[in-house]
Amino acid sequence: MSIAQKQTATQSQKLMIFVLSMSLYGLATLFTELIPKFQVGVVEFSVEYFLFIPLTLAMLFDPLSAALGAATGELVFSEIMLGQFGGLGELEKFLTVTIGVYIAGRLVKDPKNRVMVGVAAISGTAAQLLMGTVVDILKVQLAVEDFEAVAGLPESVFATEGFAFLNDLLFSGILFCLLPTLYLVPKLYGKIEPLLGMAPRTPDSAVSGISPKALIVCAIGFVCAIVAELAATAGMSLIDWEAEWAESGTALAVGMVAAAAVAIIALLVIKKNAGKKAAVN
């Protein structure tokens, strides 16, 4: 098999990337539940997510598999495993996370280029946060949801949501998305791809670059996210449930153990497959 062929992930390799992204990001989102929030004036400092995990995988491997895996991991481990499911309301976060991570992964042609990795990481994070901000503004503007003013800020949904966007981007976006990704991608490049039987991504790799078709698909996905969230807020959430033990310490512990177990199994399978290929070669 040539290097060009190895750069294109097979279905089994994409599945492993999906599972790895799902379990690791799912574990990370559960971990954020344990980190306390603190507020200084109108500024709230909180760890929203460790998006650097799927961002790193998307830039090194198949972007779509890593993006879908991250969105699925958050849904399964930090929502369903904690005993809650918001029906259509969950679709908005699922789609925006997928789109943000996918865009970041496609932007990187050369993972050794730290500048491009940094631009892609902050662009993907900003895209995800901006889409969520637009959805929140539309809910108020379309009178689907009441506007809750924040003390100390102008009583405008644009000012409030815009401030929240910048706050999340400059705090969580830089500390827990940009900086770790900027360090991990060049550090891991060329070292973990062989474990999946893949050659490292190069500037000529077919998975790099955002085509007009990909932009159109992302735009359609964002529209679906808006419609789903508006419908859920208006009371048409379809399947919406919350268990008695929702968000309990036991549920959190079980979720973390389950996510860690899936991640360990995935890593063991990857290591075993790498060992078989090494023995054959």
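Here, residue 1 is the first one in the sequence, and each next residue gets the next number.
Here the side chains of Met131 and Ile99 are in contact, with some heavy-atom distance below 4.5 Å. Residues Thr125 and Leu55 have side chains in contact (heavy-atom distance under 4.5 Å, counting atoms from C-beta outward). Leu64 has its side chain out of reach of Phe18: every pair of non-hydrogen atoms, C-beta onward, lies at least 4.5 Å apart. For the pair Val108 and Arg201, the minimum side-chain heavy-atom distance is below 4.5 Å. Counting heavy atoms from C-beta outward, Val101 and Pro63 have side chains that stay 4.5 Å or more apart. Using a 4.5 Å cut-off on side-chain heavy atoms (C-beta onward), Arg114 and Pro186 make contact. Using a 4.5 Å heavy-atom threshold, the side chains of Phe165 and Leu130 count as touching. Residues Leu169 and Ile174 form no side-chain contact, since every pair of their non-hydrogen atoms from C-beta on lies 4.5 Å or further apart.
Within 6.0 Å of atom NZ in Lys191, more than 12 heavy atoms from other residues, nucleotides or ligands are found, so the atom counts as buried in its surroundings. Residue Phe85 qualifies as enclosed at atom CZ: its count of foreign heavy atoms under 6.0 Å is above 12.
Between Asp62 and Ile17 the shortest heavy-atom distance is N-CD1, 3.8 Å. Nearest heavy-atom pair, Met81 versus Ala258, reported as atom, atom and distance to 0.1 Å: CE-CB, 3.7 Å. Smallest separation of non-hydrogen atoms from Phe52 and Pro180: CG-CB, 3.5 Å. Listed here is the closest heavy atom pair of Ala259 and Gly26: CB-C, 4.4 Å. In terms of heavy-atom proximity, Leu75 sits nearest to Glu79 at O-CB, 3.0 Å. Contact record, Leu20 with Ala266: CD1-CB, 4.2 Å, taken as the closest heavy-atom pair.
Atom CZ of Phe61 and atom OG1 of Thr56 lie 10.5 Å apart (nearest 0.5 Å). From Phe50, atom CZ reaches atom OG1 of Thr181 across 12.0 Å, with rounding to the nearest 0.5 Å. Going from atom CD of Gln128 over to atom CG of Asp168 covers 9.0 Å, rounded to the nearest 0.5 Å. Taking CD of Glu90 as the reference point, atom CD of Glu229 lies at 9.0 Å (rounded to 0.5 Å). To the nearest 0.5 angstrom, Met16 atom CE is 11.5 Å from Leu57 atom CG. Between the CG atom in Leu142 and the CD1 atom in Ile137 there is a gap of 11.5 Å [rounded to 0.5 Å].
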### Task
Begin with the C-alpha distance, continue with both residues' side-chain angles, and end with the deciding distance and a verdict on side chain to side chain contact (heavy atoms under 4.5 Å, CB included) for Phe171 and Phe176.
CA-CA 8 Å; Phe171 182 67; Phe176 304 104; 4.3 Å; yes
### Task
Give the intermediate values and the outcome of side chain to side chain contact (heavy atoms under 4.5 Å, CB included) for residues Phe94 and Leu68.
CA-CA 8 Å; Phe94 182 93; Leu68 288 172; 4.3 Å; yes
### Message
Run Leu60 and Tyr189 through side chain to side chain contact (heavy atoms under 4.5 Å, CB included) and show every step you take.
### Response
CA-CA 7 Å; Leu60 293 175; Tyr189 178 72; 4.1 Å; yes
### Task
Could you walk me through whether Ser123 and Ile103 pass side chain to side chain contact (heavy atoms under 4.5 Å, CB included), step by step?
CA-CA 8 Å; Ser123 296; Ile103 289 175; 5.6 Å; no
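Leu15 is connected to Ile192 through a chain of hydrophobic side-chain contacts under 4.5 Å among Ile, Leu, Val, Met, Phe, Trp and Tyr, so both are in one cluster. Under the 4.5 Å side-chain heavy-atom criterion for grouping Ile, Leu, Val, Met, Phe, Trp and Tyr, Tyr183 is connected to Val117 within one hydrophobic cluster. Hydrophobic clustering, with ILVMFWY side chains joined whenever heavy atoms are under 4.5 angstrom apart, groups Ile210 together with Phe222. Residue Leu182 is grouped with residue Leu175 when hydrophobic side chains (ILVMFWY) are merged at heavy-atom distances under 4.5 angstrom, including chains of intermediate members. Leu91 and Met236 fall into different hydrophobic clusters, where Ile, Leu, Val, Met, Phe, Trp and Tyr residues are linked whenever their side-chain heavy atoms come under 4.5 Å apart, directly or through other members.
Between the side chains of Thr250 and Ser248, no donor-acceptor pair of N or O atoms lies under 3.5 Å.
At least one donor-acceptor pair under 3.5 Å links the side chain of Thr32 to the backbone N or O of Thr29. Between the side chain of Glu161 and the main chain of Val157, no donor-acceptor pair closer than 3.5 Å is present. Under a 3.5 Å cut-off, the side chain of Ser21 and the backbone N or O of Gly69 do not form any donor-acceptor pair. In this structure, Glu33 contributes its side chain and Leu30 its backbone to no donor-acceptor pair below 3.5 Å.
Hydrophobic cluster membership for Leu268: Ile264 (Ile, Leu, Val, Met, Phe, Trp, Tyr linked by side-chain heavy atoms under 4.5 Å, directly or transitively). Taking Ile, Leu, Val, Met, Phe, Trp and Tyr as hydrophobic and joining them when side-chain heavy atoms fall under 4.5 Å apart, one finds Ile216 in a cluster with Ile220.
Applying the side chain to side chain contact (heavy atoms under 4.5 Å, CB included) test to Ala232 and every residue at least two apart in sequence or in another chain returns Leu88, Ser237.
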